[in-house]
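Proteins get letters first, then strands, A, B, ... in listed order; numbering begins at 1 in each.
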Protein chains: 2
Amino acid sequence: MDLDLRKLRYFVAVAEHRNFGRAAEQLYITQPVLSRQVRAFEQELECTLLVRTTRSVELTAAGKQLYEEAQGILASVAAAVRRVNDVGRSVQRLVVAFSPGLHVSDAIRAFTRRHPQVRTDVVPTRWWEQDAPLRDGRAQVGYLRRPFDDSGLHTIPIGHEPRVACLPAAHPLACRGELTSADLADERMLDTPTRRTSSLEEKFELIASGHGVALVPLSVARSYSRPDLVHLPVADVPGIETCLVALADRREKLLRDFLEVATTTLRNA
Amino acid sequence: MDLDLRKLRYFVAVAEHRNFGRAAEQLYITQPVLSRQVRAFEQELECTLLVRTTRSVELTAAGKQLYEEAQGILASVAAAVRRVNDVGRSVQRLVVAFSPGLHVSDAIRAFTRRHPQVRTDVVPTRWWEQDAPLRDGRAQVGYLRRPFDDSGLHTIPIGHEPRVACLPAAHPLACRGELTSADLADERMLDTPTRRTSSLEEKFELIASGHGVALVPLSVARSYSRPDLVHLPVADVPGIETCLVALADRREKLLRDFLEVATTTLRNA
DNA sequence: GCGATTGATACCCTGAAGGCATGGATCTCG
DNA sequence: CGAGATCCATGCCTTCAGGGTATCAATCGC
């Protein structure tokens, strides 16, 4: 019933590595200790979390559930501790979440000029749950790309960018100048938000190794260019909208100021 | 950085009792241990949380912040642990939050008839943050009275009830049959959501002891009748709306079923 | 000034957390 | 098939955080 966060962190490490030895190494403890702690954790929860064979470690349904829960718990706890520290030191802070490929430095610089006493920070979001840092309290404002779950969020559209097709350089279509969606009809698309492709790097790796192609926002294509991939404009796919986002029920002056500064900055850009 | 939940609980107990001895008693530990643990906690956070004199304990700004944060953290952690346990035992559960005075037993009984395998549970809400159990994951559906913060919530109005005036039995107006808002113009109203009156019982206690009067929903007046208070209809105050509420982004079948069963049940009632 | 109240300090003890050595099971490869 | 590699579990030892008792020190009320 008491749930020790240390043991929760231990479990998370094992869940991520699927391997006690390497998880222990990352935690700077020895493997036997980790085995014992995780087993004790399971007994406390009265619930089996892992299926161990001598060769592999797998998560049970409960283990998967706990792993999901743990993400949010640990993130919220860390954010809460930092907020308490900020209050204790009379520090004002604004954290900006941003989706891969988007740049917020201009807005932050402009905001810092106007509010030099406010510390700013940024946190990257994972593209299949872009709203998570806002909802769990890690960030107060986000700079996100649609689509995302906007329930309870205040959104300000600030831009629209085309999407380009990303293909392996060796692909037959790669030498063409511009494509249409018809050209891509037979290709395997990697756009669906499956959690398999957890990072953009992983997605590009899959594309480069021939597992499929994808449509990506132009800014992403610019940021992650690599020699074994080509990016080609596609005539008839809709672009994608970028938004400034904040929790709808937040009314702090700092937040409103940032939204104002950011919209003007980004409009001038 | 590591934040021990045990110490967090210790701090919360002290913050609530404003007294080490009584907090220790509630925690089933001794006072010296509690003093040491809380001080160690402050050192870990590198942040003073309490101002102690030999006669009193007060919260610093950081302490207040942490106390607020701790509410959510501990509630979410407990809810998460229970969800993990439910998954581990293949238990399906639905938790219904309800505001003071509302009765959900009919809906729950009807739902249980249709889904006998689903465990149901209820959690009371505090009237000044009725949406909290939904947002922190303790409950999946709520039966709340407006006004509440409905951003990101899916709401289904299910009823409208009049409000009645609650007065001390000894009050000059208490012998009148019906009032108008003009009659109450000179009275001190206890309706504003100040956190001073944390429970309805406390509110009624204040009224009975002559600190003011209040407008309360009829169902609340019925539930909490006591000899030293009278409830009188007021001709010209608007009634209050009751809603079934769920997080807007939730689509679980169980939840949708409950909403359906509940709306029909409540409409027949 | 005196007792009551309340938080802090000193000192001790127990048990949980960590380390090391090693066992036992399974996979890989010659 | 046998040898080695890999990986989790177990046994045993050590350390220190967490808890207990006794007591001190400061403040309030009378």
Please report, to 0.1 Å, the donor-acceptor pairs under 3.5 Å made by any side chain of residues 18-32 of chain B, with sequence neighbours excluded.
{"unit_1": "B:Arg18", "atom_1": "NH1", "unit_2": "B:Ala15", "atom_2": "O", "d": "2.5"}
{"unit_1": "B:Asn19", "atom_1": "OD1", "unit_2": "B:Gly21", "atom_2": "N", "d": "2.8"}
{"unit_1": "B:Asn19", "atom_1": "OD1", "unit_2": "B:Arg22", "atom_2": "N", "d": "3.0"}
{"unit_1": "B:Gln26", "atom_1": "OE1", "unit_2": "B:His17", "atom_2": "NE2", "d": "3.2"}
{"unit_1": "B:Gln31", "atom_1": "NE2", "unit_2": "B:Ser35", "atom_2": "OG", "d": "3.1"}

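To the nearest 0.5 Å, the span separating CD on B:Gln130 from OG1 on B:Thr125 amounts to 4.5 Å.
Taking 4.5 Å as the limit, some side-chain heavy atom of A:Leu5 sits within range of a side-chain heavy atom of A:Ile73. Counting heavy atoms from C-beta on, the side chains of B:Leu8 and B:Leu66 come closer than 4.5 Å. Taking 4.5 Å as the limit, some side-chain heavy atom of A:Asp149 sits within range of a side-chain heavy atom of A:Arg135.
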N/O to N/O distances under 3.5 Å, protein versus nucleotides 26-30 of chain D:
{"unit_1": "D:dT27", "atom_1": "O4'", "unit_2": "B:Thr54", "atom_2": "OG1", "d": "2.9"}
{"unit_1": "D:dC28", "atom_1": "O4'", "unit_2": "B:Arg55", "atom_2": "NE", "d": "3.4"}

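Taking only side-chain nitrogens and oxygens, A:Asn19 comes nearer than 4.0 Å to OP1 or OP2 of D:dC8.
Among the atoms of the strands shown, base atoms are found under 4.0 Å from some heavy atom of B:Arg36.
Bounding nucleotides for the chain B contact on DNA chain C, 5' to 3', at a heavy-atom distance below 4.0 Å, are C:dT5 to C:dT9.
Using a 4.0 Å cut-off on heavy atoms, the residues of residues 23-35 of chain A that approach DNA chain D are A:Gln31, A:Pro32, A:Ser35, listed by number.
When the side-chain hydrogen bond (donor to acceptor under 3.5 Å, both in side chains) test is applied to A:Gln43, no partner is found at least two apart in sequence or on another chain. Listed by chain and residue number, B:Asp86 satisfy the salt bridge (Lys or Arg N to Asp or Glu O under 4.0 Å) test with B:Arg93 (two or more places apart in sequence, or in another chain).
Atom CZ in A:Arg6 sits roughly 12 Å away from atom C1' in D:dG18 (whole-Å rounding).
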